[in-house]
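Chain identifiers are assigned alphabetically (A, B, ...) following the order of the sequence lines, protein sequences preceding nucleic acid strands; residue numbering begins at 1 within each chain. None of the values given here were measured: they were computed from a predicted structure.
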Protein chains: 2
Amino acid sequence: MKRLDEHQLAVWRAFVNAHAAVIERIEKDLSDQRKIPLTTYDVLVALYQSPDKKLRMTELAKHVVLTRSGLTRVVERLEREGFVKRERTEEDRRGAFAVLTREGKKAFLATWPTYADGIKNYFLSVLDEDERAAIERGLSKIYRSLI
Amino acid sequence: MKRLDEHQLAVWRAFVNAHAAVIERIEKDLSDQRKIPLTTYDVLVALYQSPDKKLRMTELAKHVVLTRSGLTRVVERLEREGFVKRERTEEDRRGAFAVLTREGKKAFLATWPTYADGIKNYFLSVLDEDERAAIERGLSKIYRSLI
DNA sequence: AAGAAATATTTGCTTAGTCAAATAAATGGG
DNA sequence: CCCATTTATTTGACTAAGCAAATATTTCTT
């Protein structure tokens with residue numbers, strides 16, 4: 001591909017604008033309904049989906065869009081709110097697990113419906129089947145090419 | 001649409017992950033090459049594309065993903081760096097224009113090649129023509145449905 | 001087995017950006 | 001024409017998150 005023309009740029013703009021708009025809307029719904037925000041949610045899902053409902057900080061950081069130190073802060077907050085706890089282990093005493101608590105699971109389960117509605121209403125329902133397929137295919141390729 | 005199945009969720013995940021990955025990559029390239037970051041860039045393009053290379057703060061805020069107060073801070077920074085200046089006007093003395101300076105134009109023009117390369121390499125080039133078309137169509141619809 | 005190198009996580013400091021209140025000027029209604 | 005309301009922007013106080021340095025522990029290397 002040589003140079004960017006207006007057409008190609010339009011694809012990029014659509015991507016960036018749609019993302020900002022959808023995320024903003026979903027965040028607003030979550031906050032209006034006193035649910036946990038998205039970054040927090042991502043941490044809790046990652047824990048929920050892990051076999052023992054716990055993950056090493058480094059592992060956890062890979063699941064979310066955060067640096068390791070950013071994750072430390074988030075987990076700190078979550079610990080204060082009682083949604084996770086840190087668990088030291090004898091195997092490797094440098095680090096810690098973040099463990100999902102019962103409260104954390106509850107918060108996470110309570111949040112999902114709002115989040116899911118957002119995904120449906122602001123994103124999926126606007127797309128027809130072809131678009132969904134193409135988006136999934138294209139954007140997955142992009143993601144894989146970058147990790 | 002009733003309930004979210006795995007398939008549909010995969011579309012959403014692809015969208016979110018691709019966005020985070022591509023933006024992160026582009027920001028990194030910009031920073032490595034000592035170019036201005038994306039939010040800053042967005043402000044400068046908006047000004048550059050406006051008829052007189054200047055916009056009221058409120059107008060400008062609509063072009064970028066920032067609240068009005070967020071914009072105040074960014075323009076403050078940009079003013080410190082000499083890329084824009086604030087210009088009061090007699091017509092309406094409540095507010096001010098942000099005006100692109102010669103330096104600002106230079107910074108913006110110098111940044112574009114890096115940005116454009118990122119868009120090409122990390123995003124467009126990975127997609128085939130169908131995917132590009134579908135993404136443009138679908139995501140534009142989404143964006144329009146939300147403004 | 002001792003020191004060097006690597007790994008896991010946290011901390012201190014700083015920047016970016018938000019919200020709600022403050023300020024300032026313009027406008028509309030009686 | 002004056003006051004109440006609205007509009008434009010900034011400010012103060014705060015939260016989120018990043019980077020680089022610090023800390024703690026493990027794993028190599030010889």
Side-chain angles (χ1 to χ4, degrees), chain A residues 19-20 23-32 34 36-44 46-47 50 54-81 83-99, chain B residues 20-21 23-32 34-44 46-47 54-81 83-99:
Chain A
H19 183 270
I23 294 292
E24 187 180 354
R25 226 28 120 75
I26 294 179
E27 284 289 13
K28 182 171 185 323
D29 289 350
L30 290 172
S31 137
D32 285 353
R34 276 114 228 288
I36 59 182
L38 284 181
T39 7
T40 306
Y41 179 82
D42 288 347
V43 169
L44 300 187
L47 292 176
S50 76
K54 66 181 184 181
L55 286 172
R56 295 297 295 250
M57 293 299 277
T58 305
E59 282 313 302
L60 189 45
K62 288 178 193 154
H63 287 270
V64 297
V65 189
L66 278 176
T67 58
R68 268 168 289 105
S69 75
L71 182 64
T72 297
R73 321 287 184 173
V74 171
V75 169
E76 221 164 76
R77 273 200 304 280
L78 286 172
E79 198 166 29
R80 245 184 279 129
E81 300 171 299
F83 296 157
V84 308
K85 59 183 197 296
R86 277 184 181 87
E87 193 176 272
R88 298 260 154 201
T89 163
E90 277 313 305
E91 299 154 15
D92 182 343
R93 297 186 310 171
R94 279 170 303 185
F97 285 96
V99 192
Chain B
I23 294 292
E24 187 179 355
R25 229 24 124 74
I26 294 180
E27 284 289 13
K28 183 173 184 326
D29 289 351
L30 290 172
S31 136
D32 285 354
R34 276 114 227 288
K35 302 294 166 59
I36 59 181
L38 283 181
T39 6
T40 306
Y41 180 82
D42 287 347
V43 170
L44 299 188
L47 292 176
K54 66 182 185 182
L55 286 173
R56 294 298 294 251
M57 294 299 277
T58 305
E59 281 314 302
L60 190 46
K62 288 178 194 154
H63 288 270
V64 296
V65 189
L66 278 176
T67 58
R68 269 168 288 106
S69 73
L71 182 64
T72 297
R73 319 288 185 174
V74 171
V75 169
E76 220 164 76
R77 275 200 305 280
L78 286 172
E79 198 166 28
R80 245 185 279 130
E81 299 171 300
F83 295 158
V84 308
K85 60 181 196 300
R86 277 184 181 89
E87 193 176 274
R88 297 261 154 200
T89 161
E90 277 312 304
E91 298 154 15
D92 181 343
R93 296 185 311 172
R94 279 170 302 186
F97 284 97
V99 192

| request: List in numerical order all residues of residues 66-73 of chain B for which some heavy atom is under 4.0 Å away from an atom belonging to DNA chain C. | output: B:Leu66, B:Thr67, B:Ser69, B:Gly70, B:Arg73
| message | I'd like to check the salt bridge (Lys or Arg N to Asp or Glu O under 4.0 Å) partners of B:Glu81; sequence neighbours left out, ordered by chain and number. | response | none
| message | Under the rule for side chain to side chain donor-acceptor pair (under 3.5 Å), what residues qualify as partners of B:Lys85, not counting sequence neighbours? | response | none
| task | Please name all residues satisfying side chain to side chain contact (heavy atoms under 4.5 Å, CB included) with A:Ser69, sequence neighbours left out, ordered by chain then number. | result | A:Thr67
| query | What pairs with A:Glu24 under side chain to side chain donor-acceptor pair (under 3.5 Å), at least two apart in sequence or on another chain? | reply | none
| Hey, which of these two, A:Thr89 or A:Arg77, hits DNA chain D nearer its 5' end, going by closest nucleotide? | A:Arg77
| task | For A:Ala46, enumerate each residue passing the side chain to side chain contact (heavy atoms under 4.5 Å, CB included) test, keeping only those at least two apart in sequence or located in another chain. | result | A:Leu55, A:Leu60, A:His63
| task | Walking along DNA chain D from 5' to 3', note the first and the last nucleotide with an atom under 4.0 Å from a heavy atom of chain A, and give both. | result | D:dA16 to D:dT26
| said: Between A:Gly95 and A:Thr39, which residue's closest nucleotide on DNA chain D lies nearer the 5′ terminus? | reply: A:Thr39
Measure all distances between protein nitrogen or oxygen atoms and nitrogen or oxygen atoms of nucleotides 25-28 of chain C, and list the pairs falling under 3.5 Å.
residue	atom	partner	partner atom	Å
C:dA26	OP1	B:Arg93	N	3.3

| field | Any side-chain heavy-atom pair of B:Thr39 and B:Val65 under 4.5 Å | value | no
| task | Identify, with sequence neighbours excluded, every residue that meets side chain to side chain contact (heavy atoms under 4.5 Å, CB included) alongside B:Ser31. | result | none
Report all side-chain donor-acceptor pairs from residues 72-80 of chain B shorter than 3.5 Å, counting only partners two or more places apart or in another chain.
residue	atom	partner	partner atom	Å
B:Thr72	OG1	B:Arg68	O	3.3
B:Glu79	OE1	B:Arg86	NH1	2.5
B:Glu79	OE2	B:Arg86	N	3.0

| said: If I take atom CG in residue B:Asp42 and atom C1' in nucleotide C:dG17, what distance separates them, rounded to the nearest angstrom? | reply: 15 Å
| query | Which residues pass the side chain to side chain donor-acceptor pair (under 3.5 Å) test with B:Glu87, sequence neighbours left out? | reply | B:Lys54
| query | Of all residues at least two apart in sequence or in a different chain, which pass the ring-ring contact (aromatic ring centres under 6.0 Å, His included) check with B:Tyr41? | reply | B:Phe108, B:Tyr115
| Roughly how many Å is it from CD in A:Glu76 to C1' in C:dG12, rounded to a whole number? | 12 Å
